[in-house]
Amino acid sequence: MPKNAAVSRLVEGPFSEPSVIEAARSALAEIGGKVSFGIVFASADYRAHLADFAELLQLHGHIPLLVGCSASAIAGPGRELEGEIGRAH
């Protein structure tokens, strides 16, 4: 049984395929390799990349069901981004 029931990431900056892959893989490793579903929040600047973003998360994070939204502000572990580019998952 994994030691964590949930993991979270807050990544600042514009869409970057390598950073999405790294965040998804590190979260998968931290959770112990078994994922039921994922929840993701992305800044509105990710709008043009949402399909690729979701596909990369599902593929590299082994996420069978992914839900999420975009907004002008997002919150993650210990901090919040308002009017900045980034994502939390």
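- The shortest heavy-atom contact between Pro64 and Ser36 is CG-O, 3.2 Å.
- Annotation: the span from Ser43 atom OG to Phe15 atom CZ amounts to 11.5 Å, rounded to 0.5 Å.
- Between Gln58 atom CD and Ile63 atom CD1 the span is 6.5 Å, to the nearest 0.5 Å.
- Considering every non-hydrogen atom in both Ile31 and Ala6, the closest pair reads CD1-N, 3.5 Å.
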How far apart are the C-alpha atoms of Phe41 and Cys69, what are their side-chain angles, what is the distance that settles it, and do they pass the side-chain contact (heavy atoms from CB on, under 4.5 Å) test? CA-CA 5 Å; Phe41 303 94; Cys69 68; 3.4 Å; yes
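- Not one N or O on the side chain of Arg9 forms a donor-acceptor pair closer than 3.5 Å with the backbone of Val20.
- The two residues Ala23 and Ser26 have their closest heavy-atom pair at O-OG, 3.2 Å.
- Within the 4.5 Å cutoff, no side-chain heavy atoms of Leu28 are placed close to those of His60.
- For the atom pair CG (Leu59) and CD1 (Ile21), the distance works out to 8.0 Å, reported to the nearest 0.5 Å.
- By the side-chain hydrogen bond (donor to acceptor under 3.5 Å, both in side chains) test, His49 is found to be paired with no residue, residues two or more places apart in sequence or in another chain being considered.
- Between Gly61 and Val35 the shortest heavy-atom distance is O-CG2, 3.6 Å.
- Scanning both residues, Tyr46 and Gly13, for their nearest heavy atoms gives OH-O, 3.1 Å.
- Between atom CD1 of residue Ile39 and atom CG of residue Leu57 there is a gap of 12.5 Å, rounded to the nearest 0.5 Å.
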Can you check side-chain contact (heavy atoms from CB on, under 4.5 Å) on Glu17 and Leu56, steps first, answer last? CA-CA 8 Å; Glu17 194 170 306; Leu56 289 168; 3.4 Å; yes
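- Taking Arg47 as the reference, nothing meets the side-chain hydrogen bond (donor to acceptor under 3.5 Å, both in side chains) condition, with sequence neighbours excluded.
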